Number of protein chains: 2
Amino acid sequence: MEHKMISIADQVFERLEMDILSGVYERDEILTESRLSEQLGVSRTPIREAVRRLDQEHLVDLTSKGIRVVGISRQDIADISEIRLRLEGLAARWAAERATEEDIRTLREIVELQEFYTAKSDADSIKNQDSRFHQTIYALCGSNAMRDTLEPLHRKLLKYRRVSVSAKSRAQQSLAEHRAICEAIAAHDGAEAERLTIEHVKNARESILNRQVL
Amino acid sequence: MEHKMISIADQVFERLEMDILSGVYERDEILTESRLSEQLGVSRTPIREAVRRLDQEHLVDLTSKGIRVVGISRQDIADISEIRLRLEGLAARWAAERATEEDIRTLREIVELQEFYTAKSDADSIKNQDSRFHQTIYALCGSNAMRDTLEPLHRKLLKYRRVSVSAKSRAQQSLAEHRAICEAIAAHDGAEAERLTIEHVKNARESILNRQVL
DNA sequence: CCGGGTATAATTGTATACATTCATCCTGAC
DNA sequence: GTCAGGATGAATGTATACAATTATACCCGG
């Protein structure tokens, strides 16, 4: 396994994305490249690159006065869930149809790790495995378009709902749902994988919308 | 109407995107920032910005050897159509529910322009109005997430299928479908708008996949 | 003839200097 | 007092210089 180089720009992007989604910066706050540059201790170049990526995802809005923080609203979360409801099932179906033995091993390993961290109530690690689980499905469903579409949507939700997965009952339910989806994919049962995934997204949506205060 | 500043980086992005989608650069061709810089007569900075945006949409792949052209495949077109089939209808439904009189006037104006250019068989202008039509629906459907999801997908298809809209029969059919969708939205008939849009996407998919040689 | 290792060249990644645009504030005329 | 208009500052947009990484070609030894 080769370690892909993580540039400063990538790190700045992740940092800023997390800070925006987790509320370090509030909506409509104005940032500037220069201030971010000195705050983070890097030049404007990687800052600009990160900010442009945030702009492309509409997490910020670039104006002549500076970088306006946008973030995502409760309505955005509802909309994203609605979109996922219509796509994730198909992605899981495709994944079930195309998964190799290697892919299935990877998925099972992720679920096992998730089980481990769920037992330890390690919310951050649970979140990471959840992320890996879905991203793995996006990757092995064989469609670049599907991956490019779902990946950013899922990222936005996930980072936003650290609160959600901290609840033990939801964590356990999520684990059970992942396990079931994983086994449906392992059995190459596309229809079942699709059904289970839609159910999973529905539950995740309720869990997020109910708990989030905003 | 304020004209938004179009930076050099934006122009480079549009140029490169078009060149990639229309086949000026072939798949797996390696570009470099320096060469593009001198070819297009601007410094590396705006080139980099444009290339990063292309990378985020996976139209290119950044390697240590340079910028590898990826573009989109026939499979990508099929996948994108599949995704649009599941989302565009919902977007149209939302648009029908939320459209103001102003929005409806805008849509009708676009359809009229499309009719004008269809009569003149001006393929490029038809394509532009088609683009405006769908983007307007994405904008007035009231969901940032939906807009951000559908807009890039539609752009990729549209630029790729100039061939498709050159066929007079398809151009006329598309016009009729747009008009029907527009009237359903004007009547705030969400269900009908959704049904018509799904039909429209199906027809567009066939038109593209049948004609495209690749 | 083949393989490895080193030097070289070419590329991306980052920093900085400069240009340009835009908002803001002050000033002065009416 | 109010509004116009220009000066000023601060922000983004662009160009260029520099650093670091990586591919490649060449040479030498086997």
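Nothing here was measured: the structure is a model prediction, and the numbers come from that model.
Among the nucleotides C:dT14, D:dT12, D:dA15, the one closest to the side chain of A:I8 is C:dT14. The side chain of B:S34 lies closest to C:dT12, out of D:dA15, C:dT12, D:dT14.
Residue order along DNA chain C, read from the 5' end via each residue's closest nucleotide, puts A:D10 first among A:K65 and A:D10. If you find the closest nucleotide of DNA chain C to B:R35 and to A:G41, the one lying nearer the 5' end belongs to B:R35.
Rounded to a whole Å, the CG atom of A:L62 is 15 Å from the C1' atom of C:dC22. Rounding to whole angstrom units, CD1 of residue A:I47 and C1' of C:dA15 are separated by 12 Å. Rounded to an integer number of Å, the gap from A:D55 CG to D:dT12 C1' is 13 Å. Here D:dA10 presents its P atom at 14 Å from CZ of A:R44, a figure rounded to the nearest Å. Rounded to whole angstrom, the span from the CG atom of A:L40 across to the C1' atom of C:dA15 amounts to 15 Å. Across the protein-nucleic acid pair, B:E38 atom CD and C:dA10 atom P stand 12 Å apart, rounded to whole Å. For the pair B:F13 CZ and D:dT14 C1', the computed distance is 19 Å after rounding to whole Å. Regarding A:I67, its CD1 atom lies at a distance of 17 Å from the P atom of D:dA10, rounded to whole Å.
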- Decide yes or no on side-chain hydrogen bond (donor to acceptor under 3.5 Å, both in side chains) for A:D148 and B:H58, but give the supporting numbers first. CA-CA 8 Å; A:D148 294 347; B:H58 289 95; 2.9 Å; yes
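Contact between the side-chain N/O atoms of A:R48 and the OP1/OP2 oxygens of D:dT12 is not found at any separation under 4.0 Å. In terms of phosphate contacts, B:S64 brings a side-chain nitrogen or oxygen within less than 4.0 Å of OP1 or OP2 of D:dA23. For the pair A:T45 and C:dT14, the criterion of a side-chain N or O lying under 4.0 Å from OP1 or OP2 is not met.
B:G142 and A:D79 make their closest contact through O-OD2, 4.4 Å (heavy atoms, listed as atom of the first residue, atom of the second, distance).
Residue A:E49 is out of contact with every strand shown, counting any heavy-atom pair closer than 4.0 Å.
Although no hydrogens or angles enter the test, the distance criterion places a donor-acceptor pair under 3.5 Å between the side chain of B:T106 and the main chain of B:E102.
Taking 4.0 Å as the cut-off between side-chain N and carboxylate O, B:E29 and B:R68 do not count as a salt-bridged pair. A salt bridge is defined here as a Lys NZ or Arg NE, NH1 or NH2 lying under 4.0 Å from an Asp or Glu carboxylate O, and A:R147 with A:E151 fails to meet this definition.
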